[in-house]
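Since the structure comes first, as C-alpha cells, the remarks are kept for the end.
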Amino acid sequence: MDDEGQPYEPAVIEPRWQARWRDEGTYEVDNDDPRPKSYVLCMYPYPSGAAHMGHVRNYTFGDLLVRYRTMNGQAVLSPIGFDSFGLPAENAAIKTGEHPRPFTEAKIEELTSSLLRLGASYDWRRVIKSHDPSYIRWTQWIFLQFLKAGLAYRAEAPVNWCPGCQTVLANEQVLADGTCERSGDLVQRKNLEQWFFRITDYAQQLLDDIDDLDWPERVKTMQRNWIGRSEGATFHLPVAEREDLSLEVFTTRPDTSFGMTYAVVAPEHPIVAELTADDRRAEVEAFVAHVTGESELERLSSEGPLDKRGVFTGAHVVNPFTGDPIPVYLADYVLATYGTGAIMAVPGQDQRDWDFAKAYDLPVVRTVLPPEDFDGEAYTGEGPAINSEWLDGLGVADAKAKAIEWLEAKGIGERTVQYRLRDWLLSRQRFWGCPIPVIFCDDCGIVPVPEADLPVVAPDDVEFLPTGESPLNHHAGFLNVTCPACGGPGRRETDTMDTFVDSSWYFLRFADPTDDEAPFSLEAVAEWLPVDQYIGGVEHAILHLMYARFFTKALADLGVAPKELREPFARLFTQGMIRKDGMKMSKSKGNLVTPEEYFERFGADALRLFHFFVGPPQDDMDWHDAGIEGSHRFLGRLWRLGVGEAPGTVVDREATPADVEQDRSRHRLIQRVTDGYERWSYNTSVSAFMEFTNGLYHYLQSEDGARRETLDAAVDSVLLLMAPMAPHITAELWERRRGGHIHTEPWPVADPAMTTVATVTMIVQVNGKVRDRIEVDAGIGDDDAVATALASAKVQAHLNGGQPKKVITRPPKLVNLVV
RNA sequence: GCCCGGGUGGCGUAACUGGUAGCCGCGGGGGGCUUAAACCCCCCUGGCCCCUCGGGGCCGUGUGGGUUCGAAUCCCACCCCGGGCACCA
C-alpha cells in the first residue's frame, strides 16, 4: 500500500464507531417506541474478567440480529447485564481477604470493555447486576411473594454436601460420578434444613408448554426427560400380621402385579425401623449405616454383585392381587426421594428385579407371555398377560387399566403420575449471593423480613475464613436482629440463594430496569416479553431454562407478571461450544483464548466475520485461528473496493448486457444473504459475500471495465448487507462514500424481476451419469430440452447409436436418457 | 443401556424439497508487481488412469445392502465420534 492510499486500519476506525454508538445511544430503545418491538437477548454472562471466545461467539450472533432487525425497522430491545454473584469471587476473597464486591466490579469493567471493543450494541442504560442492591431488593421481594404463596418452603432434606465448598449442592451440581461440579470433591449426604422452591407444582405445565416453544428439538427433549413424567399406580401392601401397618409402593406396571414376588424399601424409609424383625435388626441396621455413610459416588456406582446391595428385613407384606405373603428387602438402589420410596418387585418383567431375585434366590413368575423366540431374562415388551387370573389374555395397556380400576374399587390404591423433577433446593451456605430475607424467632418461628426493610444486604466488614464457611455466620451485627413480629430477639438467616434465582427473572427486569415500586411494571413487561430470540450456550439447556420458565409461570400466577405470559423465551437458539484441543474451553482448564490479541492484530470485524464464517453457529467448533487472517484479508478487499483502490477501470456508460448481469447478481446477493440471516446460515452468507466480491474484482479488471453506477450500487449493497456482521468497516465506508449512518439505513430489498437468471446449465445424463452440460434458456420446455440433449455429440457417443428407452426431463436443469 | 446430533478433499465447510458432489475460505503450487521481500493482483489445487495438451475415462460423501431413471440426501443393518439422561420402579 503506498503512502497516498487510504489503508484499512481497524484499530483506528473501530474504537471511533464504538464510542459513537455508545455516546449517541444508537441502540437505546424506549418502552413507548412506536416501531414494531423485538426483544433479542443473549444469556447474561458471569463476569470472570475479559471476554473469552465463547462470549465472543455468543454476543456476536446476538449483535448481528440486533443490527439486522434494527435495519429492518424494528425497535430492538438489546440489554446486557451481569450474573455477578457466585463462587469464584468468593473463593478469590477467601484467598486474598479482599471483599468480593470490588473484585466483581473490576471483572465487570473488564468484560464491559471487551464487549464494547467487540462492537456489541446494547442499551447501556438498562444494565443489570445481580449483586446490585436495587436488584437484590427485588430478588428478595420475589422470594417473599413465593413464601407467602407457599411456593417457597423450608424442609429438612438429605442434601448433597460438598466438603470442599462447605456447602450444599443442588442435585444438578453433582456430576454423574458423584463429585462436585466446581471443586471436584466427593459429595457426601447429610440431613439439613433447607429452603426449597416448589417447582414440582408446575411439573405438568412445564411439560405441556414445551410443545409450543420454538426451541431446538434437542433442548425440548432434554427438558422433557428432566421432568420425567411417568404414569402408574400407587397402592398399599398390608404388612403381614400387622393390622396397623402397610407399605405404599409406586409402579408403572400395575399389570404385572401378579408377578410381584418380593418388595424393596429404600434404606432411609421411615418404615424401616418398624418393619424390621428383631432377629434381623442388627444386620439391617448395619446395612442402613453402611448405605447412608456411603458417598453419592459409591452408592451410584455399585454395579458389582447385588448380594451386597440389599438385606432382608424379616418382614412380609401381602401381595393384594394374589393374597400371598412376600418378603420385604432393603436395597440401596431404591431411592427414598422418588415415588413412595418403596417398590413392588416383579423379576419376570424387570431386569433389575430379576438380577436381585437371582442374587437372593427369590422366585420369578412371568406375567407377560414373551414371544417364542425370546431367550432373555426379564421380558419388558408387549404381550398377553399370563399367570394373572382375571388379567390373563389382556394386552399391557388394557391390563394396566383394569388393574388400576381394581385397586381403586378395592380402595387400596389409585392411578398416579410421578415426576423425576425434584423441588428446587435454593439454600447456599455462601456469602457472595443474594441473602434469603427471613428472620428466625424463638417465639414466632420463621418471620419474613418486612418488604420495607429490603434489601437485606450482606455487610462489608467481614472476615473470610480459610475453611470456606460463610462469614455471615460470625458477624454479630448482621446475625442479631429484633423480630419484626414480636420485637424479641431474632436471628437472621445466613444462607444465600442459588445464583440461578438471580438469572430466573433478570430478563423481566430488563423491560423496566430502574423501577423502584416493583420488580418491573406489568405494562413494560407486556410491551417486550416474551423474549423474541434468546441466545446462549447449550450447557444451560436444562437448569437455567427450566428455572426461568418456572419463575415466569409463578410470577404470572401471582399477578406480578402479566397473566398471559406463560413462557419467557419464545425462540431459543443454542450456539455450539468452543473446544480447544478436544476439551471444553474454560478458565479452570487454562485453555481460554481471549479476543484481545485479535482485536489488535486484525480488528473486531475480522474476528466477528471469522465466527460467522467458520461453521454453522449451532455446531461445536474446535478452536483454530487459521481463518481469522483470511477474514481480515477479505475485509481488506472490501475496503479497497469501498475507497476506490481496487485494481481495474471504472467508466461512465449506458448499461451493457454484462452490466445488467452484474446488477442481477447484486439482487441475488440481497436475496441470498437475507435468507441466510433468517436461517442462521451465516457461514453461507459470508461465502456469498466473498463470491460476490471476487466477482466485482473480475468485473473491474474485465476488458470493458466496470460501469460506475453498477459498481457503486454493488458496493453499497454489500456494505448494507454486511453491516450486521462487520459493523465498523461498513459504517466507516458508508460514511465516506455516502455520508450518514449505515446502521439506521433501511435493509435492501431484492427486485424479484432481477433475481432470475436468463440461462441455466442443463445437465444431460445417460443412465444417470452426467455426460454433458449445456447452457439453455431458463424457460426451456420438455421437448426442446430433450432435442437439445440429443443434439449433443457427447451424449450421442454414449448412446452408441441407440434410442433411449426412457427419458426423464426436469427442465431447465436436467435431462436423463435411459438406454 | 436409552434418547438426540454428526461422519463429505490435507483442514474448516457447501450442496434449501433426491437432480452438475466439493461453493467459499485455510493450507499448498504456479505466475505477475517489486532492486528484493512483505502486502497486493491473477491462475491451478479430491484420487487414480489415459492423452494428440484441447481434453477424455474410471473411482469417490464412515461400512455393507436396498429403493430409484438418478442417492451425500430416503430405507435397513453395522462401525466410529460428540452430547444428554442413567438404578426413576
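Just so it is clear, the values below take in all heavy atoms, side chains as well, and ignore hydrogens, waters and symmetry mates. By convention in this document, chain letters (A, B, ...) are assigned in the order of the sequence lines, proteins followed by strands, and residues within each chain are numbered from 1.
Between A:H632 and A:F602, the ring planes are tilted. Angles from 30° to 60° get that label. Between A:Y329 and A:Y360, the ring planes lie perpendicular to each other; the angle is over 60°, past the 30° to 60° tilted range.
Between the OH atom of A:Y682 and the C1' atom of B:rC16 there is a distance of 17 Å, rounded to whole Å. Across the protein-nucleic acid pair, A:R773 atom CZ and B:rG19 atom C1' stand 13 Å apart, rounded to whole Å. Spacing between atom CZ of A:F612 and atom C1' of B:rG12 amounts to 17 Å, rounded to whole angstrom units. A straight line from CZ of A:R420 to P of B:rG84 spans 13 Å, rounded to a whole angstrom. At whole-Å resolution of the value, CG in A:D355 and P in B:rA89 are 17 Å apart. A straight line from CG of A:N816 to C1' of B:rA71 spans 13 Å, rounded to a whole angstrom. We find that NZ of A:K813 is positioned 13 Å from P of B:rU17, with the value rounded to whole Å. Remark: P of B:rC40 and CD of A:Q6 are 18 Å apart, rounded to the nearest angstrom.
Under 4.0 Å is where a charged nitrogen must lie from a carboxylate oxygen, and between A:R579 and A:D620 at least one such pair does. Taking a cutoff of 4.0 Å between a charged side-chain nitrogen and a carboxylate oxygen, A:K794 and A:D772 qualify as a salt bridge. A salt bridge is defined here as a Lys NZ or Arg NE, NH1 or NH2 lying under 4.0 Å from an Asp or Glu carboxylate O, and A:D353 with A:R253 fails to meet this definition. The pair A:E645-A:R637 fails the salt-bridge criterion, with no side-chain N (NZ, NE, NH1 or NH2) lying under 4.0 Å from an Asp/Glu carboxylate O.
Checked against ring pair (Phe, Tyr, Trp, His ring centres under 6.0 Å), A:F634 has no partners two or more places apart in sequence or in another chain.
Contact of A:R218 with B:rG5 (side chain to base): no donor-acceptor pair of N or O atoms is detected under 3.5 Å. Contact annotation: side chain of A:R309 to base of B:rC87, donor-acceptor pair present below 3.5 Å. A donor N or O paired with an acceptor N or O is not found under 3.5 Å between the base of B:rC85 and the side-chain atoms of A:N225.
Taking atom C1' on both B:rU34 and B:rC40, the two are 11 Å apart, rounded to the nearest angstrom. Annotation: B:rG55 and B:rU45 have their P atoms spaced 11 Å apart (nearest Å). Going from the C1' atom of B:rG7 to that of B:rG60 covers 15 Å, rounded to whole Å. Using P as the reference atom, B:rC33 and B:rA72 are 45 Å apart when rounded to the nearest Å. Taking atom C1' on both nucleotides, B:rG84 is separated from B:rG29 by 46 Å, rounded to a whole Å. Nucleotides B:rG47 and B:rG22 place their P atoms 14 Å apart, quoted to the nearest Å. Nucleotides B:rC58 and B:rU68 place their C1' atoms 23 Å apart, quoted to the nearest Å. Comparing the C1' positions of B:rA14 and B:rG9 gives an interatomic distance of 13 Å, to the nearest angstrom.
Closest to the A:T251 side chain, of the nucleotides B:rC24, B:rA89, B:rU20, is B:rA89. Ranking B:rA86, B:rC24, B:rC40 by closeness to the A:M690 side chain, first place goes to B:rC24. Taking the side chain of A:F613 as heavy atoms from C-beta on, and the options B:rG25, B:rC85, B:rG82, the nearest nucleotide is B:rG25. When the nucleotides B:rG19, B:rA89, B:rC58 are ranked by their closest atom to the side chain of A:R771, B:rC58 comes out on top. Nearest nucleotide to the side chain of A:L814, out of B:rA15, B:rC3, B:rG19: B:rG19. Side-chain atoms of A:K806 lie closest to B:rC69 of the nucleotides B:rC43, B:rC69, B:rC24. You'll find that the side chain of A:T684 is closest to B:rA15, out of B:rA15, B:rC42, B:rC26. Between B:rC85, B:rC41, B:rC88, one nucleotide has an atom nearer to the side chain of A:R640 than all others, and that is B:rC41. Listed candidates were B:rC42, B:rA15, B:rG25. Nearest to the side chain of A:H698 is B:rC42. For A:R637, counting side-chain heavy atoms from C-beta on, the closest listed nucleotide (B:rA89, B:rC43, B:rC41) is B:rC41.
Heavy atoms of A:Q701 sit under 4.0 angstrom from primed sugar atoms or phosphate atoms, though from no base atom. Contacts of A:Q765 with the nucleic acid, taken as non-hydrogen atoms under 4.0 Å apart, include base atoms. Heavy atoms of A:G630 sit under 4.0 angstrom from primed sugar atoms or phosphate atoms, though from no base atom. Counting non-hydrogen atoms under 4.0 angstrom, A:K220 reaches nothing in the nucleic acid. Contacts of A:D675 with the nucleic acid, taken as non-hydrogen atoms under 4.0 Å apart, are absent. In this structure, A:N683 reaches the sugar-phosphate backbone alone: every heavy-atom distance under 4.0 Å involves primed, P, OP1 or OP2 atoms, never a base. Using a 4.0 Å heavy-atom distance criterion, A:T761 is classed as a base contact. Across all strands, A:K805 comes closer than 4.0 Å to no nucleic acid atom at all (heavy-atom distances). Looking at heavy-atom distances under 4.0 Å, A:R224 makes no contact with the nucleic acid at all. A:S681 comes within contact range of no nucleotide atom at all, as no heavy-atom separation falls under 4.0 Å.
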Task: Stepwise side chain to side chain contact (heavy atoms under 4.5 Å, CB included) test for A:R773 and A:V764 - done: CA-CA 6 Å; A:R773 294 146 214 229; A:V764 184; over 6 Å; no
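The residue among A:H798 and A:I808 whose nearest nucleotide of RNA chain B is located toward the 5' end is A:H798. Toward the 5′ end of RNA chain B lies the nearest nucleotide of A:H624, the other residue of the pair A:H624 and A:Y697 mapping further downstream.
Between A:R810 and B:rG70, a side-chain N or O to OP1/OP2 separation shorter than 4.0 Å is absent. Taking only side-chain nitrogens and oxygens, A:R633 comes nearer than 4.0 Å to OP1 or OP2 of B:rC26. Phosphate contact (OP1/OP2 of B:rG56, side-chain N/O of A:K794, threshold under 4.0 Å): present.
Under the 3.5 Å distance criterion, with hydrogens and angles disregarded, a donor-acceptor pair is assigned to the side chains of A:T684 and A:S681.
Helical stems in RNA chain B, defined as runs of 3 or more consecutive Watson-Crick or G-U wobble pairs with donor-acceptor distances under 3.5 Å: B:1-7 with B:79-85, B:10-12 with B:24-26, B:27-32 with B:40-45, B:46-50 with B:55-59, B:62-66 with B:74-78.
The minimum heavy-atom distance between A:F613 and A:M690, with the atom names listed, is CZ-SD, 3.9 Å.
Of the residues listed (A:L733, A:L638, A:V686), the one engaging A:M722 in a side chain to side chain contact (heavy atoms under 4.5 Å, CB included) is A:L638, and it is the only one.
Base orientation for B:rG9: syn, the chi torsion being within 90° of 0.
For A:K813, the NZ atom is loosely surrounded, since the number of other residues' heavy atoms within 6.0 Å does not exceed 12.
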